[in-house]
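We name chains A, B, ... by the order of the sequence lines, and we start the count at 1 in each one.
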Amino acid sequence: MRTRHYLLATQKETPADAEIVSHRLMLRAGLIRKLSAGLYTWLPTGLRVLRKVEQVVREEMDRAGAQEVVMPVVQPAELWQESGRWVQYGPELLRIKDRHERDFCLGPTHEEVVTELVRNEVNSYRQLPINLYQIQTKVRDEIRPRFGVMRSREFIMKDAYSFHASQASLEETYRAMHVAYCAVFERLGLAFRPVVADSGSIGGSTSQEFHVLADSGEDAIAFSDGSDYAANIEMAEALPPTAARPAPTAALEEVATPGVDSIASLCSHLAVDATRTVKTLVVAGEEPGSLVALVLRGDHSLNTVKAEKLPGVASPLRLVEEAEVRDTFGAGFGSLGPVGVALPVIADRSAAVLADFSCGANRDGYHLVGVNWERDLPLPRIEDLREVVEGDPSPDGKGVLQLKRGIEVGHIFQLGTKYSEAMDATVLDEHGRSVTLHMGCYGIGVSRIVAAAIEQNHDDRGITWPAAMAPFEVAIVPLNMHKSEAVTSAAEALYEHCRAAGIDVLLDDRDERPGVKFADMELIGIPHRIVIGDKSLAEGEFEYKGRKDDEAQRIDRDHALDFLRAKLAG
RNA sequence: CGGUGUGUAGCGCAGCCUGGUAGCGCACUUCCUUCGGGAGGAAGGGGUCGCAGGUUCAAAUCCUGCCACACCGACCA
């Protein structure tokens, strides 16, 4: 490719609304342009990167025995009604009507379509297992699109669906997908971690996420420093404290705490540590109109995923309005406590082992100190409610937890029979009996990977692509090309040799000053750069610089191609 | 959906308070000089000031409504 007629679309200035580095660089390097909120055009350079990611994914899926298909983006409502998700999925499902007023949706995922396909085409256990995948545009009407293609309303995803006659077969494919995913992210040169995950709205039991580690990640992940344990923080269990609850030593007392409406202000007012306080959160119960009080140690945070899975607690979790709380407790948020409340109370494991603690008095402007379970109030139901913090013991008993942030780029699920049962997808087994299919599903956020890779690979000049993802492998930068015939012919010759050798090469034949060319090639992150100028050319040499190198080096022009081949191979 | 903020040339912004000729930088076009790290000069092109209504002799500016976008909280690849 030559830059002269190539839509390079680089820009010096950063659009004001780009918050994270990958979004800024994708705009500046001319990878994407925004059409509307959460909707992006992929420009030639961006598309090249996208295609490289797709190809790695495709190769590893094929290697793992999956077969590629393409399913429709537009899907009939009937299928979604059959699985129950037409009502369950919520407003994120973008619904449309055709000219006959029939309901359709734009596919956010394809469980229904693929199950419909397989129940028609596969009838015997002999045809199983089967694993079908596609690389295709998905549509989700995101509440809040942000960070460019990281969270957009339209995005490219690889989604695979496997079907099995038994749970054992499903587990085998699930493991194979785990291996394939690790291979994909390794080939792409990304620092990643597989983590135990919540299966969320897709359903099913076992699931793991693959996270690219980055400070800008939207997810927190917890992992042990003493074992392989790693989990999304939503799933990380906070183990029960090992120490028993101390005996009470203080007397129960109500103290005036004017203006105190938070744990922080309570601590400074009473000169106590947050670990000796308790906070009370009120959420909706399972029965319509009912409430449940959740009690956590002052320095801990509620884990909403854990909470909404508890029997008696409404799912999705709903924190109630202050007015509602006031009706029940007679006090506002800042003065709530578990003493003397008529509601079901659930205490976190850490809160349940406190003695002589402080909490709200259920009277505005007052708190209780010296509170003790079983003396001042009954010991309530105890559950794991809180978010783990750094330094907690690892749930597998080995080591302590560390927290990092991650970008979810892959997710594998064992769905079980959720969809096959709802949609009556069965085969006959070797005894001629009808068995419900077991199902797995496996997603990779292809467009998100592009952004995630930039989060991990950039410097103050631009993107520093991992080799496998770079839009071009080699940039040829001739200096003074329009004036020097020697430079022109050398550049043209090297360009043709590279093309003949199958190298992805970009020849910068623009009539621009050197600084402009260098800056652009570095911004878009081409890993290898050959500069051809009159001075070095007179000595029969080119100049080579790797994108991450500090210094350029001279190379013999006659061996430039071999030199590049060696660089690309290694 | 709630909270906050912003809509003026392709991009980044000023002008609005105090109504009166629509401006700056980058980018773009032409010419001259320059040419190994985002050059200098000269001359140009490009805007229904988000939309609709209102106030006024006069609205980018004041008022009302609507729309769009961004950021902060509940969703997910």
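- Ring stacking holds between A:Phe155 and B:A77, with the centres under 5.5 Å apart and the planes within 30 degrees of each other.
- The phosphate of B:C69 (OP1 or OP2) has a side-chain N or O of A:Ser36 nearer than 4.0 angstrom.
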(request) Using the side chain to side chain contact (heavy atoms under 4.5 Å, CB included) rule, take A:Gln55 and A:Arg187 through it: C-alpha gap first, then chi angles, then the decisive distance, then the call. (result) CA-CA 11 Å; A:Gln55 196 50 36; A:Arg187 279 183 61 183; over 6 Å; no
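- Using C1' as the reference atom, B:U29 and B:A9 are 15 Å apart when rounded to the nearest Å.
- Rounded to whole Å, atom P of B:C31 lies 12 Å from atom CG of A:Asp511.
- Within 4.0 Å of A:Arg28, counting heavy atoms only, lies at least one base atom of the nucleic acid.
- A side-chain hydrogen bond (donor to acceptor under 3.5 Å, both in side chains) with A:Gln75 is found for one member of A:Glu112, A:Glu116, A:His110 and no other, namely A:His110.
- Comparing A:Val446 and A:Lys517 by the nucleotide of RNA chain B that holds the closest heavy atom to each, the one mapping nearer the 5' end is A:Lys517.
- Comparing A:Glu92 and A:Gly515 along RNA chain B, the residue whose closest nucleotide (by nearest heavy atom) sits nearer the 5' end is A:Gly515.
- Aromatic ring pairs are classed by plane angle as parallel below 30°, tilted from 30° to 60° and perpendicular above 60°; the pair A:Phe210 and A:Tyr181 is tilted.
- Nucleotide B:G2 has B:C72 as its partner under the Watson-Crick or G-U criteria, with both atom distances under 3.5 Å.
- If you measure from atom CD of A:Glu142 to atom C1' of B:A74, you get 12 Å, rounded to the nearest angstrom.
- Note: CG (A:Leu39) to P (B:C69) measures 9 Å, nearest angstrom.
- One can place CG of A:Asp219 at 11 Å from P of B:C76, the figure rounded to the nearest angstrom.
- When the side-chain nitrogen and oxygen atoms of A:Lys34 are compared with OP1 and OP2 of B:A70, one or more of them lie within a distance under 4.0 Å.
- Remark: B:G46 base-pairs with no nucleotide in the shown strands. Criterion, Watson-Crick or G-U wobble with two distances under 3.5 Å.
- Nucleotides B:C62 and B:U21, compared at atom P, are 15 Å apart to the nearest Å.
- Checked against B:C35, B:C75, B:A77, the side chain of A:Ile143 finds its nearest nucleotide in B:C75.
- For A:Glu19, taking side-chain heavy atoms from C-beta onward, the closest of the listed nucleotides B:C71, B:A70, B:G37 is B:C71.
- With both ends at atom P, the span from B:G47 to B:G54 equals 26 Å, rounded to whole Å.
- A distance of about 8 Å separates the C1' atoms of B:C28 and B:G45, rounded to the whole Å.
- Comparing B:G38, B:G37, B:C35 by their nearest atom to the side chain of A:Lys12 picks out B:G38.
- Nearest heavy-atom pair, A:Ala451 versus A:Val149, reported as atom, atom and distance to 0.1 Å: CB-CG2, 3.9 Å.
- A:Lys158 comes within 4.0 angstrom of nothing in the nucleic acid, heavy atoms only.
- Nucleotide B:C24 has B:G12 as its partner under the Watson-Crick or G-U criteria, with both atom distances under 3.5 Å.
- Closest to the A:Arg448 side chain, of the nucleotides B:A77, B:G38, B:A70, is B:A77.
- Residue A:Met150 is classed as a base contact, given a heavy-atom separation below 4.0 Å to a base.
- The only member of A:Tyr133, A:Tyr161, A:Tyr174 that meets side chain to side chain contact (heavy atoms under 4.5 Å, CB included) when paired with A:Tyr442 is A:Tyr174.
- Within the 4.0 angstrom heavy-atom criterion, no nucleotide atom of any strand lies near A:Ser484.
- We find that CD of A:Gln88 is positioned 14 Å from C1' of B:C76, with the value rounded to whole Å.
- Using a 4.0 Å heavy-atom criterion, one finds that A:Glu209 contacts no nucleic acid atom at all.
- Base contact: A:Asp520 has a heavy atom under 4.0 Å from a base atom.
- If you check distances only, the side chain of A:Arg513 never reaches the base of B:G40 with a donor-acceptor pair under 3.5 Å.
- Residue-level contact check: A:Glu218 touches neither bases nor backbone, having no heavy atom under 4.0 Å from any strand.
- Look at the P atom in both B:C49 and B:U8: the space between them is 11 Å, to the nearest Å.
- A 3.5 Å limit on both hydrogen-bonding distances identifies no Watson-Crick or G-U partner for B:C17.
- Cation-pi check for A:Arg95 over A:Trp86 is met; the charged atom lies under 6.0 angstrom from the ring centroid and within 45 degrees of its normal.
- Going from atom CG of A:Asn303 over to atom P of B:A74 covers 12 Å, rounded to whole Å.
- Nucleotide B:A60 forms a pair with no other nucleotide shown, judged by Watson-Crick or G-U wobble geometry with both contacts under 3.5 Å.
- Residue A:Glu485 places its CD atom among 12 or fewer non-hydrogen atoms of other residues, nucleotides or ligands, all under 6.0 Å distant.
- Base pairing annotation: B:G7 forms a Watson-Crick or G-U wobble pair with B:C67, both donor-acceptor distances under 3.5 Å.
- Among the protein residues, A:Gly443 comes within range of no part of the nucleic acid, since none of its heavy atoms lies under 4.0 Å from any strand.
- Of the charged side-chain nitrogens involved, at least one lies within less than 4.0 Å of a carboxylate oxygen, so that A:Arg547 and A:Asp459 count as a salt-bridged pair.
- With rounding to whole Å, A:Arg144 atom CZ is found 17 Å from B:A68 atom P.
- Of the listed nucleotides (B:G36, B:C75, B:G37), B:G36 has the atom at the smallest distance from the side chain of A:Ser536.
- Side-chain atoms of A:Arg151 come within donor-acceptor range of the base of B:C75, with a qualifying N/O pair under 3.5 Å.
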(request) At under 4.0 Å between heavy atoms, which parts of nucleotides 6-13 of chain B does protein reach? Answer with one letter per nucleotide, 5' to 3': B base, S sugar-phosphate only, - none. (result) -----BSS
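- The base of B:C71 has none of its N or O atoms less than 3.5 Å from a complementary donor or acceptor on the side chain of A:Arg146.
- A:Val516 comes within 4.0 angstrom of a base, heavy atoms only.
- Among the heavy atoms of the strands, none lies under 4.0 Å from A:Glu512.
- Among the protein residues, A:Arg153 comes within range of no part of the nucleic acid, since none of its heavy atoms lies under 4.0 Å from any strand.
- Going from atom CZ of A:Arg510 over to atom P of B:A27 covers 13 Å, rounded to whole Å.
- Contact detail for A:Val57 and A:Ile135: the closest heavy-atom pair is CG1-CD1, 4.5 Å.
- Test A:Ile532, A:Asp508, A:Asp509 against A:Ile476 for side chain to side chain contact (heavy atoms under 4.5 Å, CB included) and you get one pass: A:Ile532.
- Minimum heavy-atom separation, A:Glu455 to A:Ser216: OE1-OG, 2.6 Å.
- Rounded to a whole angstrom, the distance from the P atom of B:U61 to that of B:G53 is 14 Å.
- Taking atom C1' on both nucleotides, B:U56 is separated from B:A60 by 16 Å, rounded to a whole Å.
- Across all strands shown, A:Arg529 has heavy atoms under 4.0 Å from base atoms, whether or not it also approaches the sugar-phosphate.
- In this structure, A:Thr10 reaches neither bases nor backbone, as no heavy-atom distance under 4.0 Å exists between it and the strands shown.
- Other residues, nucleotides and ligands contribute over 12 non-hydrogen atoms within 6.0 Å of the CG atom of A:Asp556.
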